[in-house]
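Working notes, structure below.
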Amino acid sequence: MTRGQKIISEWYAKKGWQQFSFQKEMEIAFLDGYSGLLNAPTGSGKTFAMFLPFIAAYIDAHPDDYLIRKDNGLQLLWITPLRALTNDIRKAMQTVVEDLGLPWKVASRTGDTSAKEKQELKKKQPEVLLTTPESLHLMLAQKEYPKMFAGLQALVVDEWHELLGTKRGVQLELGLSRLKYLKRDTTLKVWGISATIGNLEEAAEVLLGNDIPAERICIIRAKLDKKIVIESVIPENIEEFSWAGHLGIKLLPQVMEIVSKSRTTLIFTNTRSQSEIWYMGILDKYPEYAGVMAMHHGSLDNDLRNWVEEALHNEMLRLVVCTSSLDLGVDFRPVDSVVQIGSPKGVARFMQRAGRSGHHPGATSKAWFVPTHSLELLEGAALKQAIADELFESRDPIVLAMDVLMQYLVTLAVSDGFYPAEVFREIKTSFAYADLEWKEFHQILDFITSGGKTLSQYDEFLKVEIADGLYKVNSRRVAMHHRLSMGTIVSDVNIRVRFLSGGSLGTIEEYFISKLKIGDTFWFAGRNLELLKFKDMTAFVRKSTGKKGIIPSWMGGRMPLSSQLSSKLRDKLDEVAVMMDHQSPEQHQDIEVRALKPLFELQSRLSHLPRKTEFLIEKFRSRDGFHLFFYPFEGRLVHEGMASLFAYRISKLKRVNFSLAMNDYGFELLTDEEILLEQALEMDLFSTENLLDDIQQSLNATEMARRKFRDIAHIAGLVFTGFPGKGMKSRHLQASTSLLFDVFSEYESDNVLVKQAYQEALQFQLEEFRLREALQRLQKLKIVITRSEQPTPFAFPILVDGLSREKLITETLEERVAKMTLKYQKS
DNA sequence: GACCTGCTGCGGAATG
């Protein structure tokens, strides 16, 4: 045992803590100079597992004088995706450092750090610095930044799974490639910490890049046998449970029973407005929870959210209704129960949420799944199976993001400047740009120095100047603008909600406030508010005594059901079909399947329950027209693409206008006249041949790319969004990025940013890869076509989606949906 | 650039 290791194990003993097995492994790997990835869940002591071996290595390198104050500069750089985490981790590390008597400083540097503190950091280096990917790049944009990292020994990326697969991750890869380049004569140890995902090996590969020798890399898996128990909340009367919907508020009583039996509960909802609705619902029906209940979502003010986290930590709250804003987060005390309302859409996400419950190590986590409509209940069974089979989603790394690269090059030019050949070699060591071609790199260089082919007339695009081969920004204005717009997160313009008496509650979208008149009341942040006036992008409000109010909705991403969960759902459905054939669903092991028996019987009677080897298509005629329902069970985005693709291919036979609707399970094509389905099937509707062409034809690919280009232009630094706090109209920004898109499209056919926009639309909007795989799967299936007189249980949720889209809501949609229960069907 | 239900995340000047 080395001296360092001895000191560390003594420290553990003194604390009375047990060491996890991976702690030992970590020590060995770290002391032997490996880089790698630690796979460990939150709350498993991973920070110590990483930090203590680092200390041990330091002690071993300085055996005689490690307790003496020296100016050896920054030793460890610790990067997290969340500002708030830097504070928590700093406290933990501070404890260690003080306990061991090390004369070290542990500091953090994020957007919260004051200008004065930043100055001090520059003057006197702390030994350990905690920061975010964005702040790292801001440091790289400072003059003489290499000095700062001269003594750096190791770099740790915490919660790497959160960054992998995002442009923030790519930006971090670039920062890493620079730090490795600065330390190229010695070895910089690079470590990632990641929760369990489907592609851990790839995650390590992406983080470490291709310049660390394979024999110096290892992956350590913390085997912590955390038991997770999942229970679906079964509607008491399934016959009266709605076939469609997304709120799940019908099950409020059952959920509150769970809450009442737990000391603390987290209720996860899928959308921000849904959490407002649940909060309001609870307050209305269970007023005794006022005061011990809170809400947490991304549009609430930070102060409010911090308070909630703090109160949860101190056990002052019994119940928090939240969105995934609490997914990652402050390492707060675990709660008794976790409740998930509606589909969690992915296995890993559900696991992470479930992991929030269960107190001490070794304790069982308990999570409840609450369906929001009948068929969704089957997802509960699929989830359990997926977790038992350890089927986790992968996070696919982003490669060749030209916008992020462009920002990075300007960053380097802002500080000390760069030589292209050198930087090209450097970034080629990263996973993201390993395949970058010199031609593309050159186009970007050309763009930042001369505005490329089309923008050379405009000074604002000529950012970087070349002198003796050195690319450098000399204009103070350009440098300032660049520092002001760093990062890869592009946000919409939001309206702040503020009390006239002062105090901000959070933000809502422009669109929502534009629907309101002065004097209207709306429900936000768990309060009923009256709109008083609207000024400078701020909505001033006061508390209202009224009970009713409109609830804001926000435009967010539409996360599709993951392919893992979809696949398990298809498996479950297959089991159901087999059981129904044998007339024995009551014997099925899953409580969800048993509960859904009447629904499946009806589906079977009206249409068909597809086996895994079958592809069900339903025909149905209503006063709205001819409906075709397809059920690939592949997630919403794939269905969106597939619906357009099928519509396009069918319309080649006969010109018809289609109206489309979809959900995570299937999609609908609606027409005024009968569709020639059989004929279309014969002409190979599911073919992957000419897929790209057909997609381009069927969807407005240009419009999709234009939307993607907006973010790309922001990240690449083509538009300046103004000084902080000074709002700029979103319409204005929209117009300028749109204009750039048009100009590039017309005059520069090979523009890398425009190409990227099309690529992103294909990859992320259409999930082209998944679509292709899905089509290939469908080709092998036996097609079953049924015709029914009324919408089937499978069809109904999609039909409802279509109804709201078509705005046929005369007798409120809600009423129509409410009527559609089994009970109604039977009568 | 649209709202059909749709998440999360970070940064940041100079002047008066």
Side-chain angles (χ1 to χ4, degrees), chain A residues 80-86 109-113 115 118 131-138 141 159 162-163 166-169 171-172 244-248 268-277 296-299 302 322-329 341-346 349 372 407 476-477 479-493 509-512 514-515 551-560 636-637 640 660-664 703-704 706-707 710 720-726 730-731 733-735 737-738 797 800-807 809 813:
Chain A
T80 78
L82 206 63
R83 245 186 343 227
L85 287 175
T86 60
R109 197 253 186 242
T110 67
D112 293 337
T113 311
K118 283 179 200 158
T131 190
T132 59
E134 287 78 7
S135 278
L136 170 63
H137 278 259
L138 281 161
E159 313 279 1
E162 286 289 335
L163 294 167
T166 70
K167 287 187 182 177
R168 296 185 77 198
Q171 188 160 46
L172 181 59
H246 65 277
L247 292 175
F268 280 101
T269 61
N270 282 341
T271 72
R272 285 164 277 187
S273 64
Q274 193 180 11
S275 64
E276 296 272 354
I277 290 167
H296 196 285
H297 65 67
S299 288
N302 258 332
C322 60
T323 63
S324 40
S325 56
L326 270 188
D327 258 354
L328 184 71
I341 313 285
S343 168
K345 309 279 182 187
R349 180 176 301 105
T372 57
Q407 187 185 108
R476 285 190 62 195
R477 198 179 128 270
M480 183 184 79
H481 278 201
H482 183 72
R483 288 201 190 94
L484 277 170
S485 45
M486 245 144 85
T488 58
I489 300 169
V490 181
S491 323
D492 273 333
V493 178
E509 290 183 359
E510 241 175 336
Y511 146 78
F512 176 75
S514 70
K515 286 194 304 192
I551 292 169
S553 67
W554 290 263
M555 277 289 279
R558 296 176 173 184
M559 220 170 338
R636 195 187 170 101
L637 293 184
E640 212 169 308
L660 315 176
M662 68 244 22
N663 66 10
D664 276 323
E703 220 27 65
M704 285 168 84
R706 184 190 297 276
R707 243 167 257 172
R710 167 187 170 267
F720 181 58
T721 41
F723 290 101
K726 306 264 188 298
S730 56
R731 214 175 305 126
L733 289 171
Q734 189 63 40
T737 58
S738 191
V800 169
D801 190 274
L803 287 178
S804 48
R805 168 207 59 207
E806 292 292 328
K807 313 231 186 313
I809 325 165
L813 187 60

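Protein chains get the first letters and strands the later ones, always in sequence-line order, with residue 1 at the start of each.
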(request) Starting from C1' on B/dT8, measure out to CG on A/Asp492 and report it in whole angstrom. (result) 14 Å
(request) Check the distance between B/dC7's P and A/Ile489's CD1 and give it to me in whole angstrom. (result) 15 Å
(request) Ignoring backbone atoms, test whether A/Ser485 places a side-chain nitrogen or oxygen under 4.0 Å from the OP1 or OP2 oxygen of B/dG12. (result) no
(message) Taking the C1' atom in each of B/dG6 and B/dA2, what is the distance between them to the nearest angstrom?
(response) 14 Å
(request) Could I get the full list of side-chain hydrogen bond (donor to acceptor under 3.5 Å, both in side chains) partners for A/Ser343, not counting sequence neighbours? (result) A/Glu379
(message) For a quick check of understanding: with a heavy-atom distance under 4.0 Å over all strands, which category does A/Ser135 fall into, base, sugar-phosphate or nothing?
(response) sugar-phosphate
(message) Measuring only the P atom in each nucleotide, how far is B/dG1 from B/dT5? A whole number of Å is fine.
(response) 23 Å
(request) Return the value, rounded to whole Å, for the distance between atom CG of A/Leu82 and atom P of B/dT8. (result) 12 Å
(message) So A/Arg109, base contact, sugar-phosphate only, or nothing? Heavy-atom distance under 4.0 Å.
(response) sugar-phosphate
(message) Could you tell me how far apart A/Glu640 (CD) and B/dC4 (C1') are, to the nearest whole angstrom?
(response) 11 Å
(message) Whether A/Arg272 contacts B/dC7 is assessed here as follows: a side-chain N or O lying under 4.0 Å from the phosphate OP1 or OP2. Is that the case?
(response) yes
(message) Heavy atoms only, 4.0 Å cut-off, all strands: where does A/His297 land among base, sugar-phosphate and nothing?
(response) sugar-phosphate
(request) Have a look at A/Arg706 and say if it touches a base, only the backbone sugar-phosphate, or nothing, with a 4.0 Å heavy-atom cut-off. (result) sugar-phosphate
(request) Could you work out which one of B/dG1, B/dC10, B/dC7 sits closest to the side chain of A/Met559? (result) B/dC7
(request) Please round to the nearest 0.5 Å and tell me the distance separating atom CZ of A/Phe512 and atom OG of A/Ser273. (result) 10.0 Å
(message) When you compare the side chain of A/Arg83 with that of A/Asn302, does any pair of heavy atoms fall below 4.5 Å?
(response) yes
(request) Can you sort out the partners of A/Glu509 under side chain to side chain contact (heavy atoms under 4.5 Å, CB included), two or more places apart, ordered by chain and number? (result) A/Asn494, A/Trp554, A/Met555
(message) Under 4.0 Å, counting only non-hydrogen atoms across every strand here, what does A/Arg477 touch: a base, just sugar-phosphate, or nothing?
(response) nothing
(request) Using a 4.0 Å heavy-atom cut-off across all strands, classify A/Met480 as base, sugar-phosphate, or nothing. (result) sugar-phosphate
(request) Please check if the side chain of A/Gln407 supplies one atom and the backbone of A/Thr488 the other of a donor-acceptor pair under 3.5 Å. (result) no
(message) Nearest whole Å is fine: how far is B/dC4 P from A/Tyr511 OH?
(response) 5 Å
(request) Round to a whole Å and report the spacing from CD1 of A/Ile551 to P of B/dC3. (result) 20 Å
(request) Look at the side chain of A/Thr323 against the base of B/dC7 and say whether a donor-acceptor pair falls under 3.5 Å; ignore hydrogens and angles. (result) no
(request) Measure from CG on A/Asn663 to P on B/dT5 and round the result to the nearest Å. (result) 13 Å
(request) Just call it for A/Arg558: base, sugar-phosphate, or nothing, with non-hydrogen atoms closer than 4.0 Å on any strand. (result) base
(request) Give the nucleotide from the list B/dC10, B/dG12, B/dA2 with an atom nearest to the side chain of A/Met555. (result) B/dA2
(message) If you define the side chain from C-beta out and look only at heavy atoms, does anything of A/Glu162 sit under 4.5 Å from A/Leu82?
(response) no
(message) Base of B/dC10, side chain of A/Arg168 - is there a donor-acceptor contact under 3.5 Å?
(response) no
(request) Sticking with atom P, work out how far B/dC3 lies from B/dC7, rounded to a whole angstrom. (result) 15 Å
(request) Report yes or no: is there a donor-acceptor pair, N or O only, under 3.5 Å between the side chain of A/Ser491 and the base of B/dC10? (result) yes
(request) Report which part of the nucleic acid A/Lys118 touches: base, sugar-phosphate, or nothing (heavy-atom distance under 4.0 Å, all strands). (result) sugar-phosphate
(request) Measure from CG on A/Leu138 to P on B/dA13 and round the result to the nearest Å. (result) 9 Å
(message) Is there, by distance only and without an angle test, a donor paired with an acceptor across the side chain of A/Arg483 and the base of B/dG11 below 3.5 Å?
(response) no
